[in-house]
Structure formats: structure tokens, C-alpha cells
There are 2 protein chains.
Amino acid sequence: MLNLSKYAVLYPVKNMKQKKYHHGNLKNTLIQVGIKILAEEGIGALSLRKVAKNAGVSHAAPYAHFKDKRALIAAMATEGHTRIYEKNSEIIEVFADMPLQQLVKTACAYLDFGMDNPDLFRITFSGVVERERDYPALVEITQKNFEILREIALRCQAEGIFDADDADLLAVSLWGTVHGLVSLILQGQISGEVLAHNSPRKLLLFSLNQMTRVEVGAGL
Amino acid sequence: MLNLSKYAVLYPVKNMKQKKYHHGNLKNTLIQVGIKILAEEGIGALSLRKVAKNAGVSHAAPYAHFKDKRALIAAMATEGHTRIYEKNSEIIEVFADMPLQQLVKTACAYLDFGMDNPDLFRITFSGVVERERDYPALVEITQKNFEILREIALRCQAEGIFDADDADLLAVSLWGTVHGLVSLILQGQISGEVLAHNSPRKLLLFSLNQMTRVEVGAGL
DNA sequence: CTCTCTATCTTGACAGCGTCAAGATTATCT
DNA sequence: AGATAATCTTGACGCTGTCAAGATAGAGAG
């Protein structure tokens, strides 16, 4: 569960135990510690001071790397987007020239990411992007993910999977459908009765089926 | 803008100016003041103490009516859901026996509610419902809204507007599509370039069109 | 009308929070 | 080696959610 590669990111490389005045890798550590708190204690327990303490530094140390709390959250959101991006890239490679499979697999991965990391998912799309200028890395990775989806939509159109011809509209529509479903589930809006009869994945595949002209199966 | 009916809710009925030890209508006042803060200063400025101050009572007065901050937020979410419910009811009545119109109009109203009250929208669907047992009123109104959507979906199916036959699945799918689109827009996830070429309403209608077998126009 | 009970509200306190200023420490570059 | 800049600590500020104790007032019983 606690593999070494993650550990190496959490602590400075040279000497893990000996406490030094200069941490050596504090910025990344803070991001990873923040995500860890998110996973273990939830979004309500995420405070700058706790992140600092768990990283082994004083309460004001983060301000050497982040302008304020929002900046740390933006960095965590960037990390979330990056994880999605890496998974998407992998899927595109594995299912090259199979756009429908790419669409279904990336959608399922999006769902899984949300179910596995509910609070990181929330933060990833929490809208820190508002002040675009302040977080260029976040804006960039967001656009890269959208570009991937847009590309998939375009290829699906070429295979006649969709009626529509506008790739931007189609990409937004697909993203919204998947994102909305995941959001509703994570926020406990879907009644227990409905969820008892329909797994999240089934709900997702149903939604995708509604939008495509062909039959979409789990393919699993 | 500041009509009398709302004002009557904000302050005790008997005497508006004279300060009394017992407020008289504090519970509702706190909810409305909270929503007002949400609209004017945003979700980050919403604190129990500020709500209390703006309502003219001491900082601990709210605890006579709400167990904690989450309870007040749950009440505000209930108010948000109630506003949506009332609008939905009105639409259903006006467009009786026109299920497709009901679907499009309620979807547009959902979008408008989000665009007009971004932070109230966020709170309304923020997932306070998690601990279902604690907020029965919120669960109830949530289910009533879902029931409305389910009913509309059912009637649309009867008219052959959708392929699918499962009303629950269809309702969740439609809700997710609309909710996701509004969420993405409110959280600044849709790039400015895409938004420049496509209004929120256009995006919504496109998504609905993707799901139906018939052409959906604005009808406005 | 008065007494009692209970709901409502105030005051005061506490720890935890985000943030800033001042100073200490260490890495980096000339 | 010495200067400069980056990094981290310490201490302080006001704000927050929450609780305990007490003040006030409305409601019902006699």
C-alpha cells in the first residue's frame, strides 16, 4: 500500500530520518500529504497547518512555496488532472484506432477515479481555475485533458458513432454527462434504491448508450 | 429587487426596527441571510458568525435552531431544492401533456438556477445529504424533484422520444447530463474559447438533442 | 394574575484556522 | 570566502465553530 516510489516523493531523497532545516522536497511533499489527508480524513480535515505538521515542518513553512491555501489546492487539483491525463494517455495507446473503446474506457476511468478518490475528485474540479491567470499549470493540464476527449469525439464522429458534427459541442456534452453522473453519485444525490438496482458503471454505460448510435458494452 | 414578502421573512413580523430579546422568526431569517451572503459575497464568506451578525443576533444564537453549521447548510440546500421544485411544478402545469416541452423547460430552469445562484447551486448539491438520517426534509425534497424528472422521462418514453425503457436509468442519465454541464460551467472548467462560441443554453440543448430521437429546439 | 417550565438568546471561553512580519538557517553564486 | 537569495521557524493577529453557563421571555397551569 505504501510503496517506495511514493515515499521517495514524500521525503527528501538524501536522508529520510534526519531532520534538516531545509526539507529539500517540501513543495511536492505538501501536495502529496494534502492528497493523503484528503483520502484518509476527507476534505473537511484539510488545513494548511495540518499539512505542514504531517510534512514535518512548521505551520508557516508552506508559504515559501504557495502563496496561500488556494494555491496549494490548485497544485493538488493539477496533480488530480495529471493522474487522469496519464491514465487517458495509456488508454489511447492501448486502444489505438478504436475510438469507441477509447471513449468508453476513458469514461470508465473517469468514474473510477472519482469513486476511488472522492475528495480529490471534488478538489480537482472545484473551480480554482476561476482565476485562470494565477494557475497556468492547472489551466494547461485541464486543456490537455479536454483536447484528448475532443480528439476521441472527432474519431468517433468519423466512424459514424455520433450524429452531430461539432467536435467541441460533442466533447463538452460527453464530459458533462460523465462528470455529472460521477458528481451526483459522489454527493449522495442518487437515492439508495436506484443505486441498489444499478451500479455506477451501469449508469455510466446507459448514459453513453443514450448518446451514441451504436451499442456500447462494458467490454470488460 | 427587495420585495416586501422576502423582507417579511427576514425580520419578525410584529415590529421590524425595535430590537427584542426573542427574535421571533430567527430560523427562517438565518436561512435567508445565509442565502443572501452566498449571493453577495460567495461561499467562502459564509460563516455562522456572519450569518448571526447580519440577522442581528449574537454569535451563538443559531445553535438554538441548528445543531451545527452543516445543519444550517442543509436547511439552505433544502431551500434551494424547494425553489427548483416550485419552478418545476409551475412548468409541468403550464406545459401539461407536452412532456418534451416539460423536459426542455425544466432543464433550462435548472441551468438558469445555477447561472443565477452559482453558490446556492453548489450548496444545494454539495452532498450534505450524505448523512441521510439527519436531514429528512432535504432527502424528501430531493426525492420529490427526482420523482418529477422520472415522471417526465416516463411520459417522454410513452411518446417515443427515447429508445430506452427504464425510467429510473433515463432520469438519472438526464439529470447527470444537465447537472454535469451546469457544474462544469460554474466551476470554470469549460474553456473561454468554447464558451465564446457556444452559450450555456446552446450547450444544454445540444446535449439534450444527443439523447433524444427528436429535434429539441429552444422553443423560446 | 402569578408561578413554573421551557425555549430562546447572550456572554465568555477554547482550540484551530489562514495569514503576515521578523528573524534564523542554509544553499547558491560570484 | 563572502554576499545574496531561498527556505524555514517563531510569534502574533483576527476570525472561525462550538460549548457551557447564565439571562430573558413566552406559554401554559393553577
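These numbers come from the heavy atoms of this one structure, side chains and all, not from hydrogens, waters or symmetry mates. The chains referred to below are lettered A, B, ... by the order of the sequence lines, with proteins before strands, and numbering in each begins at 1.
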Provide the full list of salt bridge (Lys or Arg N to Asp or Glu O under 4.0 Å) pairs with a residue in residues 40-62 of chain A, sequence neighbours left out, each pair given once.
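Qualifying pairs, neighbours excluded: A:E41-A:K50.
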Using the salt bridge (Lys or Arg N to Asp or Glu O under 4.0 Å) rule, collect all pairs that involve residues 173-186 of chain A, keeping only residues at least two apart or in two chains.
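For residues 173-186 of chain A, and leaving out neighbouring residues, there are no salt bridge (Lys or Arg N to Asp or Glu O under 4.0 Å) pairs at all.
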Going by an N to O cut-off under 4.0 Å, is there a salt bridge joining B:D112 and B:K87?
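Salt bridge absent between B:D112 and B:K87.
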Enumerate all atom pairs, one protein N or O and one N or O from nucleotides 11-14 of chain D, separated by less than 3.5 Å.
from	atom 1	to	atom 2	distance (Å)
D:dG11	O6	A:H59	NE2	2.7

Which nucleotide in D:dC8, D:dT16, C:dG18 has an atom nearest any side-chain atom of B:S47:
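Within the option list, the nearest is D:dT16.
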Quiz: residues 88-95 of chain A side-chain donor-acceptor pairs under 3.5 angstrom, not counting sequence neighbours:
from	atom 1	to	atom 2	distance (Å)
A:N88	ND2	A:N145	OD1	3.4
A:S89	OG	A:Y85	O	2.9

Quick one: [X] [atom1] to [N] [atom2], roughly how many Å, whole number?
| X | N | atom1 | atom2 | result |
| --- | --- | --- | --- | --- |
| A:Y63 | C:dC17 | OH | P | 12 Å |
| A:K50 | C:dA15 | NZ | P | 17 Å |
| A:L48 | C:dC20 | CG | P | 11 Å |
| A:H65 | C:dT19 | NE2 | C1' | 17 Å |
| A:L46 | C:dG16 | CG | P | 17 Å |
| A:N25 | D:dT7 | CG | P | 12 Å |
| B:K67 | D:dT18 | NZ | C1' | 11 Å |
| B:K69 | D:dT18 | NZ | C1' | 12 Å |

Taking the side chain as every heavy atom from C-beta outward, state whether A:N198 and B:V172 have any atom pair closer than 4.5 Å.
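With C-beta onward as the side chain, the pair stays apart.
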I'd like to check B:F66 versus B:K27 (side-chain heavy atoms, cut-off strictly below 4.5 Å). Are they in contact?
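Yes, at least one pair of side-chain atoms sits under 4.5 Å.
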As an exercise, state the distance from CD of B:E140 to OG1 of B:T82, rounded to the nearest 0.5 Å.
9.5 Å
The residue among B:L103, B:T106, B:I152, B:L169 that forms side-chain contact (heavy atoms from CB on, under 4.5 Å) with B:L174 is B:L103
Both B:A64 and A:D68 contact DNA chain C. Taking the nearest nucleotide for each, which residue is further toward the 5' end?
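Between the two, 5'-proximity favours B:A64.
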Which pairs, with at least one residue in residues 167-186 of chain A and sequence neighbours excluded, count as a side chain to side chain donor-acceptor pair (under 3.5 Å)?
A:Y110-A:W175, A:Y110-A:H179, A:R150-A:D168, A:S173-B:S207, A:T177-B:T177, A:H179-A:S183
Take the C1' atoms of the five end pairs on each side of the helix from C:dC1-D:dG30 to C:dT30-D:dA1, get both axes, and report the angle to 10 degrees.
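Its terminal axes enclose an angle near 10°.
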